[in-house]
Structure formats: structure tokens, C-alpha cells
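This structure is a prediction, so every number in the text was calculated from the model and none was measured.
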Amino acid sequence: MANEGTEIAEETEEMIDQKEPDNPVSAVVDSKEMRAVLLTGFGGLNKLKVTKKPMPEPQEGEVKIRVKTCGLNFLDLMVRQGNIDNPPKTPLVPGFECSGIVESVGENTKGFEIGDRVMAFVNYNAWAEVVCTPLDFVYKIPDDMTFPEAAAFSMNFVAAYMMLFEVANLREGMSVLVHSAGGAVGQAVAQLCSTVPNVTVFGTASPFKHEAIQHSVTHLFDRNIDCVPEVKKISPDGVDIVLDCLCGENTGKGLTLLKPMGTYILYGSSNMVTGETKSFFSFAKSWWQVEKVNPIKLYEENKVMAGFSLLNLLFKQGGCNQVKTAVQKLLSLYDQKKIKPVVDSLWALEEVKEAMQRIHDRGNIGKLILDVEKSPTPLVSESS
């Protein structure tokens, strides 16, 4: 199943140039300015623009990276709308992950050399030609991993791994329900589940994605219908793990699907995003649809309710070592060819609005990537 789960990724390889320059540092342009995507205020796509910004320089303990590619996530769409807790002040440069080449390092920064190929977590500011980030958030990438794959790897595979193995303790013979199975996290979940014997994966996705992803999950359902009765037809006792990035009415229904000793993990709230700008009505509606979780009922039914935010773990809760352990295990699985990031499409920085719209429309299968060196010519047509 691992091989089947990576079929989609193999189809994307033609768009990814795996040959890196022999001397990548020599191509660096000496400039005090760089291109970056700027979010001028919270709201619609018109709040995004590509502009020039001062080039950052690494502080003590930081690594300066000449960015090749950046990851684009549904969370970035929510940030643009201001649809998150304690949003930062604008203007700001969005983005939380990137890959590229080490250009320089700050004082007391050990473990990286100029020219190293790396991927990194960034607390905003990733969608730019150059980023600086503490060395604890930077990882060397395998020689055969492309920059687009690296940008598609960090957030999604780490989140999927930690939810499955650290929070829910996935083991042989268990069953998992994952919403948005065609997205980057959903595909990472499916691949990781295939590394454990006899794991049954139930997934929901838009019907047009079913043919492309049907081999990556065991049972696939239309995201527009109530999947609870369909799952119970197949597994009357329910499932061991539910991974919910939607929130809203799915939360209450998902809890009813859990087996005793099962784990329900909420890691997103994409149902709150209904239009181009933030809707307080949809925000309120989503939360009102969430059944109140009764602690007494949880212990009577032996069920676990959990939440997971990788960025909070990294940037607010000091979880660097836990994440580092997860990355090491994931890179080992990558070297064994058991997992492979699924790249949906590559976009120029100037095409960030179109890329965001594709995520908003849930049109992607796998990860959307911003390619800093790409000319603004779309790789996917509107009819795809």
C-alpha cells in the first residue's frame, strides 16, 4: 500500500527539477533587498502583493537561507483572513516553512555550513527570497530530496506523524478516519498509516479527487455527505482514531464514531472559512455546531479528546526536541522509500493569489508550492 500511496507523487516528478547547480552559492546575487510576499492587512486576496523588502541578516544562533521553495497551507489562508487566535500585526510576510541553501550563519551557530541544502520552519516570513531562522528549526535534507519535496515535507508529515504516533499511539490493526484525505496532511496520514501492518484508513474527499487518491486509503467517502453511517456499515464498532481539520458539526459526529480507548484529534477548523474574507457568521456557526464535550461522558465511554498545533508546539511551547525526533524518524522512512511528499503544483511568488484560491476551492491533491525562481506562468489550468 505504501507504493500505491505514493503513485500521485511520482506523477508530479516531471514538474520538479531534481538537478541542483554544482555550486549553488555562486549564483547568489549580492543585494540588500529581496522579493517577498506581503500581507498588507487581513481580508481578501487583494491584501497580498509581491514587493521588495530589506534583506535580513542572521543573528546569533540563526541560519540565513537562500529560499528555493515555500510551502502553502490552508492555515496561511486563515492567517490572511485574520481567522486565527491572536493574529499578528500587519503588514507581514506570511509562510511557515521553506527549503533552500544555507547562505551564511550567525555567531555560535554550529552544525550547518554554507551551501548545505536545508528545510526549515519559520515563524512567519517564509514567503521570501531569503529567511533567517534559529538553527533549532533547520534540518538538512537528503541528497535525493528535491526542494519542492522538502517544502512539502516539514509541516504536513511532522503534524501527521506526531498526531498518529505521539498523540494517538497508532499500532497494528487499528483504524483511522481522516478528513480532507486528498490534502497534503491527509496524504501524509495515508502514507504513514501504510507503514504499520493492517491499519484501515477511512477518508473523506471531494468526489473529483477520488480516482486520484483511492489507492492511498482503504475506504473513501464524499466529503459532502455524512460519512458516519457509511463508516459504521463497514466497522460497526467505529474507529480508533479520528483526525479532524474541519471542526463544526463533524466534531460531535466524529466523537460518536470512536471506539472505547479511541482518540479524537482536532487540528484545524477549515469549515470556518466559507468565503474570501473572514465571516463572523460562519465562525459562530461552526462553534455552535460543536457538541459540548462532557468530561464525565468521556471517562464513562473511555474516549480521548485531544488537540494538536505544530506551530504552537514549535514556537510557543518549546517543542523543538520533540519535533526534531519526529523529523529524524520521518527522514529515515523517506530514505527507505516508504513515504514521499505529494506535490500538487508549483507557483511563482507572483501567483500566490491564484495558488491560495486553489486551496480555498479545495482543488489541490497534495501540497501547493511557491517556487521563488519560477516565472509567473501557471502550471495548472482552471479546468484541472
Residue pairs passing the ring-ring contact (aromatic ring centres under 6.0 Å, His included) test where at least one lies in [range], sequence neighbours excluded:
{"range": "residues 90-135", "value": "Phe96-Tyr124"}
{"range": "residues 186-207", "value": "Phe202-His219"}
{"range": "residues 308-344", "value": "Phe137-Phe315"}

Checking the side chain of [X] only, and the main-chain atoms of [Y] only, is there a donor and an acceptor separated by less than 3.5 Å?
{"X": "Lys209", "Y": "Arg362", "value": "yes"}
{"X": "Glu97", "Y": "Met155", "value": "yes"}
{"X": "Lys232", "Y": "Cys227", "value": "no"}
{"X": "Asn364", "Y": "Gly366", "value": "yes"}
{"X": "Glu149", "Y": "Thr146", "value": "yes"}
{"X": "Glu351", "Y": "Ala348", "value": "yes"}
{"X": "Glu300", "Y": "Lys297", "value": "no"}
{"X": "Ser235", "Y": "Gly238", "value": "yes"}
{"X": "Lys303", "Y": "Leu255", "value": "yes"}
{"X": "Asp76", "Y": "Asn73", "value": "yes"}

In one Ile/Leu/Val/Met/Phe/Trp/Tyr side-chain cluster, 4.5 Å: [X], [Y]:
{"X": "Val228", "Y": "Ile225", "value": "no"}
{"X": "Leu39", "Y": "Val93", "value": "yes"}
{"X": "Leu164", "Y": "Leu331", "value": "yes"}
{"X": "Met162", "Y": "Val304", "value": "no"}

More than 12 heavy atoms from other groups under 6.0 Å of [atom1] on [X]:
{"X": "Lys259", "atom1": "NZ", "value": "yes"}
{"X": "Glu107", "atom1": "CD", "value": "no"}
{"X": "Lys52", "atom1": "NZ", "value": "yes"}
{"X": "Glu113", "atom1": "CD", "value": "no"}

Return yes if a side-chain donor-acceptor contact under 3.5 Å exists between [X] and [Y], otherwise no.
{"X": "Tyr264", "Y": "Asp244", "value": "yes"}
{"X": "Ser216", "Y": "Gln191", "value": "no"}
{"X": "Asn108", "Y": "Glu60", "value": "yes"}
{"X": "Thr218", "Y": "Thr200", "value": "no"}
{"X": "Ser332", "Y": "Gln328", "value": "no"}

Does Arg117 make a cation-pi contact with Phe147 (under 6.0 Å, within 45 degrees of the axis)?
yes

Compute the ring centroids of Tyr161 and Phe157, then answer whether they are less than 6.0 Å apart.
no

Other members of the hydrophobic cluster containing Ile296, with the 4.5 Å side-chain heavy-atom rule, please.
Tyr299

Met261: which other cluster members, linking ILVMFWY side chains closer than 4.5 Å, directly or transitively?
none

Taking every non-hydrogen atom, the tightest pair across [X] and [Y]:
{"X": "Asp222", "Y": "His210", "result": "N-CE1, 3.6 Å"}
{"X": "Ala152", "Y": "Ile369", "result": "N-CD1, 3.9 Å"}
{"X": "Val239", "Y": "Leu177", "result": "CG2-CB, 4.3 Å"}
{"X": "Ala181", "Y": "Ala205", "result": "N-CB, 4.5 Å"}
{"X": "Thr195", "Y": "Lys338", "result": "CG2-CB, 4.2 Å"}

Show the numbers, then the answer: is there a side-chain contact (heavy atoms from CB on, under 4.5 Å) between Val167 and Tyr267?
CA-CA 12 Å; Val167 181; Tyr267 69 100; over 6 Å; no

Worked check of side-chain contact (heavy atoms from CB on, under 4.5 Å) between Leu192 and Leu330:
CA-CA 9 Å; Leu192 289 170; Leu330 285 165; 3.8 Å; yes

For the pair Glu230 and Lys233, evaluate salt bridge (Lys or Arg N to Asp or Glu O under 4.0 Å) and give the outcome as yes or no after the intermediate values.
CA-CA 5 Å; Glu230 302 303 316; Lys233 286 179 186 177; 3.5 Å; yes

Sorted by chain and residue number, the side-chain hydrogen bond (donor to acceptor under 3.5 Å, both in side chains) partners of Thr40 (sequence neighbours excluded) come out as none

Go through the steps to decide whether Arg171 and Asp240 satisfy the test salt bridge (Lys or Arg N to Asp or Glu O under 4.0 Å), and finish with yes or no.
CA-CA 10 Å; Arg171 300 183 303 281; Asp240 297 290; over 6 Å; no

Does a salt bridge link Lys53 with Glu33, judged by any charged N lying under 4.0 Å from a carboxylate O?
no

